[in-house]
Amino acid sequence: MTSISTEKQNSTEFEIPRRANLYSGALCRWVEMGISIVLGLIVMPLIIRTLGNEHYGLWGLVASFVGFYGLFDLGLSSAVSRFLGNAIGARDVRRFNRVASTGRCLLCIASLLIVVVVLLIMGPIQSILRIPEEYTGQFHWLVMLSAASMAISILMSIYSGALLASEDFVLVSCIHIGASVARSLGGLTVVLMGKGVVGLAVVSLIVTALVQFTLFLCCRIRLPQLKARFTGFEAKVARALIGFGAASFVVMIATVLRSKLDIMLVTRFWGFGQAGLYAIALTVFRYFLRATLAVAAVIRPRLNKLQGAENQVELQAFFLRASHMNAACASLLSGLLIGLAPLLIRLWLGPGYEESAAVLRIIVGGYFLDIATDPGIGSLYATARHRYFAVQTTIEAVASFALACILGSKFGMKGVALGIVIPIIVIKLTVQPWYVAHNLSIGFRGYWFRAIGMAALAMVVLAGGLVPVEYSFARWGWWTAPLIILAALVVHGTILWWLVLDKKDRIHIISRIKQTAFSKKPLNTVYQWSQKIKLENRFPFLCNSSQAFKEIASSLKPYYEEYVERVSNPVMACSLQTAIFMRVFCDGRKPKRILDLGSGFSSFVLRCYAASQNGIVVYSVDDNPEWLNHTRAYLASHNLSTDQLFLWDRFKHNSDCCFDFIFHDLGHMNLRKDSLDIVLKLGKGGIIVLDDMHFGWYETYVRGCLSHGSWRYFDLQAYTKDEFGRYSVLVSDISG
């Protein structure tokens, strides 16, 4: 059998097809972020100059209220997304819909709560912040419009959460790209028309409503399994969601205390003028935050799915790889922004905003560690251990707020920024990485060294190397700046490659690059030719085997056509190309002990070979008893031996011998991957043919496993690639 097939699903089980891999998802998030940044670079200077510092400070102040409104979510959005991801990992459609229905009811209540509470507290907030009389009317409108926008987002978050839980990153990113364009162009239009900050809020509300409605429609199309009904509310599920969300709610409160009150403190101590400069730094920082969290955003759904599938080994491996990759990206972007902050802001807005650049450097430098360790936070949510993170964040937030008040009242904007980031740095260097490592049972030293220590070193080296760029640009001309940037990037990249990424990460990246490069036809043709030469050098009997391939193809083709008509279908059976290669290879290599993992047409081919020679034993193994019976009947109909047919659960515990030749095509891809270590032990000293290597993630996993032994890898696309794009690889133990 092959993994392209899908088993018939019953009413309690479902399979959501993967829309795109994590690299595609991260790439789409970066494209989304890039478009948003380009629009911001073009539009924001016009808006800032048209509104003026004080009005833009008012806009930045009210924009920070969105964080407060998010508190009314009560942590339910993250809880719903997490439980939906677990249901997908467990393939349980009933649980999926119970979570969706119950979450929808709770989120409706939360959205109504926003509007009610905002109406009650608007007056007291105005007094606390000392809003000048001339800004009162605009302030009231901005508060209400932003509250309505957040209420809509919370109400409809079930649909975006479902799409993200199913890893439909490309679609969500495309919708957000459209929203960024509409929000930027619409905001610029209303400002130039003289509608001011209230016009900006109206545009934001309209775009939010359209985005959520689009996500709803797409969710109905892409996830027809989703049945979120008010009648599906279950008290037990509600308690689970609220219980999980309670810790998230505490984290949200702490986050608001840490990162949403800063501009309010600047407004309270130093007025709207300084708040406007601080808001500029925050605007750039949010672009940076979106860029760095683009990686983390696609990591969390996968962690949820792995936890739901109860696959601890893969969860640990994926977490470490994701942490290293995320830390490398955060290090690169943080170093670039810290080193070039004054130059970038001057090129963007012109002179007069130097204080914004200084604040930006402080905030980015502190938050770098927060971003680099974000996969660790995702792992705590995935394993439902985030209550400890809630305690940690609360302590961190209280310390940040207290320090921001003390330092801000004395040193202005820079003091507020320093007060916010100092506790973050301390916590992220000590408590959080230790607990994350303990929770996942991974080595603390190795995790801290690569994902935190060396990533921070690389960031400091890059930022320090870029500081002279502005001076050299002014002193010696434009041609020196690229040289300095290139030198800094080379040193930074070297640290990332050897000290942040480990050996498995490097193999993974190289494999992905090869896969992408050789997917282009000219390069792929050269690659297949080189692999064929390599294989023929290792197995000389293949050099002059063209006639043998023709004869075997002629003899096997009628049987294959009969098999796919009577027993299976072409996408379930192993390909005819792979069957021909196995028979030719066995005739040349003459293995005596053969293991056929995944019974079917491969069993027929290998037992035909065994019937042509004396002293050859073939073991056929399958994970499905019904399919094993089909194989037995087909073999008997052609007078072939039906001995040595086993179920995998029995065979893997009782077989301790090695085989000369193994064909690995067992069950679905997760079983294929989980059984690979056993297969490599059984094939010690022999030959293994691995089918369905067209799955990039599986090919990467295989290469990682082979790196620890004496195995040589041979791509068989030149021999085995079929009309469905499937192909096999051959691995040979050179110690045997």
Side-chain angles (χ1 to χ4, degrees), residues 48 52-71 121-136 138-139 142-143 251-286 288-289 338 341-342 345 352-370 392-429:
I48 292 171
N53 272 3
E54 291 197 353
H55 279 88
Y56 190 70
L58 175 62
W59 172 250
L61 174 65
V62 175
S64 69
F65 284 13
V66 173
F68 291 95
Y69 300 151
L71 294 177
I121 68 171
M122 189 183 303
I125 289 294
Q126 179 183 338
S127 300
I128 293 172
L129 295 177
R130 298 179 181 177
I131 303 297
E133 191 68 29
E134 63 269 24
Y135 294 111
T136 300
Q138 296 179 68
F139 179 77
L142 290 174
V143 169
V251 172
M252 292 167 65
I253 294 175
T255 301
V256 167
L257 194 63
R258 184 183 68 183
S259 61
K260 298 297 181 182
L261 292 179
D262 48 359
I263 192 169
M264 293 186 181
L265 292 175
V266 175
T267 303
R268 178 71 172 76
F269 293 135
W270 304 95
F272 277 141
Q274 290 287 290
L277 293 173
Y278 197 90
I280 291 170
L282 286 182
T283 299
V284 179
F285 170 69
R286 289 183 184 119
F288 158 79
L289 199 62
I338 293 173
I345 288 184
Y353 298 94
E354 289 75 12
E355 289 185 86
S356 295
V359 170
L360 178 61
R361 279 177 159 172
I362 294 170
I363 296 175
V364 172
Y367 271 88
F368 158 74
L369 290 173
D370 191 54
Q392 165 209 306
T393 308
T394 301
I395 296 171
E396 177 186 314
V398 171
S400 292
F401 181 70
L403 276 176
C405 289
I406 296 171
L407 298 179
S409 62
K410 296 181 178 180
F411 304 108
M413 293 189 302
K414 296 177 185 177
V416 172
L418 280 171
I420 292 294
V421 303
I422 288 174
I424 295 176
I425 295 172
V426 173
I427 293 293
K428 303 305 179 186
L429 286 174

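Starting from 1, each residue takes its place in the sequence as its number.
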Partner residues of T136 under the side chain to side chain contact (heavy atoms under 4.5 Å, CB included) criterion, sequence neighbours left out: Q126, E133, H140
Shortest non-hydrogen contact between V359 and A281, atoms and distance: CG1-CB, 3.9 Å
Nearest atoms (heavy-atom pairs only) where S356 meets I345: C-CD1, 4.0 Å
Spatial distance of atom CD1 (I427) from atom OG1 (T393) [nearest 0.5 Å]: 8.5 Å
Nearest-0.5 Å distance that lies between atom CG in L369 and atom CD1 in I425: 6.5 Å
Shortest non-hydrogen separation from G408 to V416 and the atoms involved: CA-CG2, 3.5 Å
Side chains of R361 and P342 in contact at under 4.5 Å (non-hydrogen atoms): yes
Enumerate donor-acceptor pairs with a distance under 3.5 Å from any side-chain N or O in residues 271-280 to protein atoms, sequence neighbours excluded.
residue, atom, partner, partner atom, Å
Y278, OH, D262, OD2, 3.1

Sub-4.5 Å side-chain heavy-atom contact between I363 and L282: yes
Exercise: identify the closest heavy-atom pair between L407 and G415: CB-O, 3.3 Å
Pair F285 and Y367, ring centroids less than 6.0 Å apart: yes
Shortest non-hydrogen separation from I424 to E396 and the atoms involved: CG1-OE2, 3.3 Å
Pairwise side-chain contact, V284 with F288, heavy-atom cut-off 4.5 Å (strictly under): no
